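Right, one structure below, let's go through it.
Since this is a predicted model, take the numbers as computed values, not measurements.
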Amino acid sequence: MPLPAPSHITRLEGRTVLKLSGADRVRFLQGLVTADIEALQPAQAAWAACLTPQGRWQADFFAIPDPDDTCLLLDCATEQAEALRTQLMRFRLRSDVQMELTALPVYAAWGNRPEATLLENAISVADPRLPAAGWRLIDPPATTEQTATQLDYDLHRLALGLPDGVQDCEQGRTLAAEANMDLLGGIAWKKGCYMGQEVTARMHYRTLLKRRLVPIAAIAPLPAPGTAILHNGQEVGTLRSSRDHIGLALLKVDMADKPLTCLDHNVVARPPAWLLPALGTPPEPSATTPDKP
């Protein structure tokens, strides 16, 4: 019988927490973002995005109810936190809602379930995107031992095909479904209206989507974000975030089983099982493999 995977824990230095309080906080957020905030239960998280009226990504975050049921905690990218607060509060009008930037740290854990004492002494929730993604921990004890690094976490999420909004989405350009939010529980199809809902629903029900974020792998270290992905010399995608030899590319959905190159190096699409149906026929192993050293 195989041994359980070890528990990996690291602080996510690029994440922070916005605190949303007030009696109208749930109703207020429900009308603005893609996830069903009203359906959130204690110790659950929702992955949500703010979109433009044209359905384009502006910011994303994890919404987590405070255990005391006095506020919602928004686990978001530090570089977007102030802009996100300003954007949301623009719609406050007369709602009883307050929002403040906190200094609460955010940790990620994956592999074997962390010790119960750690989960009990932090605001802990399962990552709502995939079971293998692990857990999000807000404000664990300062003595928490980090058994992994930011690099380890990046490799973990890239292998699973999980996007990081500020690295993998272009503000005002990327559609929510291009970031696979429709496949990873980030969009609630049965809730009421929200900003960008009409375009998002139309793309979903008419299957008009042409590109998605797809994991790719290479032998050579991948280049900078924005580098073109080519098939027979024609651009069919662009590289987004990467670490070492794996990354995410915004790729045409019919290109995942085709020979691809990036800066003259062969790359191979590695779509996980949850992504295959959205790419059409599950891709056969390509005859082209990453360049050998």
Side-chain angles (χ1 to χ4, degrees), residues 15-16 18-22 24-40 45-64 72-101 128-129 162-213 225-226 237-238 240-241 248 250-253 278:
R15 306 291 294 187
T16 192
L18 285 169
K19 179 181 176 182
L20 185 64
S21 57
D24 298 329
R25 63 188 182 278
V26 172
R27 180 179 58 83
F28 167 78
L29 199 59
Q30 178 79 352
L32 294 176
V33 304
T34 57
D36 191 348
I37 305 301
E38 291 182 349
L40 267 180
W47 185 37
C50 291
L51 307 178
T52 68
Q54 295 75 36
R56 308 287 173 165
W57 177 91
Q58 294 190 90
D60 67 282
F61 53 85
F62 297 94
I64 302 167
L72 286 169
L73 301 176
L74 309 187
D75 163 4
C76 64
T78 302
E79 66 183 82
Q80 285 195 310
E82 185 55 43
L84 176 60
R85 188 191 72 82
T86 300
Q87 176 187 346
L88 290 174
M89 296 310 285
R90 194 178 297 140
F91 297 95
R92 178 175 57 178
L93 301 177
R94 296 183 180 181
S95 299
D96 179 9
V97 174
Q98 299 82 44
M99 184 176 289
E100 61 181 296
L101 182 61
R129 296 172 295 180
L162 299 177
D164 179 274
V166 294
Q167 298 185 71
D168 295 311
C169 301
E170 294 182 86
Q171 198 165 41
R173 297 190 63 181
T174 301
L175 294 165
E178 288 179 334
N180 297 320
M181 295 195 74
D182 57 331
L183 306 177
L184 293 168
I187 301 173
W189 301 109
K190 296 182 179 180
K191 64 173 281 185
C193 293
Y194 56 87
M195 187 77 74
Q197 183 264 347
E198 183 177 352
V199 173
T200 302
R202 184 165 67 246
M203 295 294 291
H204 175 68
Y205 291 112
R206 296 186 182 179
T207 61
L208 301 175
L209 199 66
K210 296 180 179 179
R211 296 173 182 256
R212 284 187 181 269
L213 285 173
T238 53
R240 302 309 303 159
S241 68
L248 291 177
L250 187 60
L251 194 66
K252 289 185 177 180
V253 296

Spacing of CG belonging to Asp96 relative to CZ belonging to Arg27, to within rounding of 0.5 Å: 9.5 Å
Any Phe61 side-chain heavy atom under 4.5 Å of Leu18 side chain: no
Non-hydrogen atoms of Gly55 and Leu175 that approach each other most closely: O-CD2, 3.6 Å
Nearest atoms (heavy-atom pairs only) where Pro163 meets Leu213: CB-CD1, 3.7 Å
From Phe28 atom CZ to Leu20 atom CG, the distance as rounded to the nearest 0.5 Å: 6.5 Å
Gap separating the CD atom of Gln80 from the SG atom of Cys76, nearest 0.5 angstrom: 7.5 Å
Side-chain donor/acceptor pairs under 3.5 Å, residues 184-192, sequence neighbours excluded:
{"from": "Lys191", "atom 1": "NZ", "to": "Gln30", "atom 2": "O", "distance (Å)": "2.6"}
{"from": "Lys191", "atom 1": "NZ", "to": "Val33", "atom 2": "O", "distance (Å)": "2.6"}
{"from": "Lys191", "atom 1": "NZ", "to": "Ala35", "atom 2": "O", "distance (Å)": "2.7"}

Gap between atom CE of Met195 and atom CD of Gln54 - 0.5 Å precision: 9.5 Å
Side chain to side chain donor-acceptor pair (under 3.5 Å) involving Gln167 - partner list, sequence neighbours excluded: Asp164
Nearest heavy atoms of Ala48 and Met181, plus distance in Å: C-CE, 3.9 Å
Sequence-distant partners of Arg240, side chain to side chain donor-acceptor pair (under 3.5 Å), two or more places apart: none
Lys19 side chain near Leu73 side chain, heavy-atom distance below 4.5 Å: yes
Whether over 12 other heavy atoms sit under 6.0 Å from Gln98 CD: yes
Point-to-point distance, once rounded to the nearest 0.5 Å, from CZ of Arg129 to CG of Leu162: 4.5 Å
For the student: nearest non-hydrogen atoms of Leu183 and Arg212, plus distance: CD1-NH1, 3.6 Å
Under 3.5 Å donor-acceptor, Arg25 side chain and Gly22 backbone: yes
Steps toward side-chain contact (heavy atoms from CB on, under 4.5 Å) verdict (Leu29, Val97): CA-CA 10 Å; Leu29 199 59; Val97 174; over 6 Å; no
4.5 Å side-chain heavy-atom contact, Val26 and Leu40: no
Donor-acceptor contact below 3.5 Å, side chain Gln58 vs main chain Gln171: no
For the student: nearest non-hydrogen atoms of Arg15 and Asp75, plus distance: NH2-O, 2.7 Å
Point-to-point distance, once rounded to the nearest 0.5 Å, from OG1 of Thr16 to CG of Leu84: 11.0 Å
Exercise: identify the closest heavy-atom pair between Leu74 and Met99: CD1-CE, 4.1 Å
Under 3.5 Å: donor-acceptor pair, side chain of Thr34, backbone of Ala49: yes
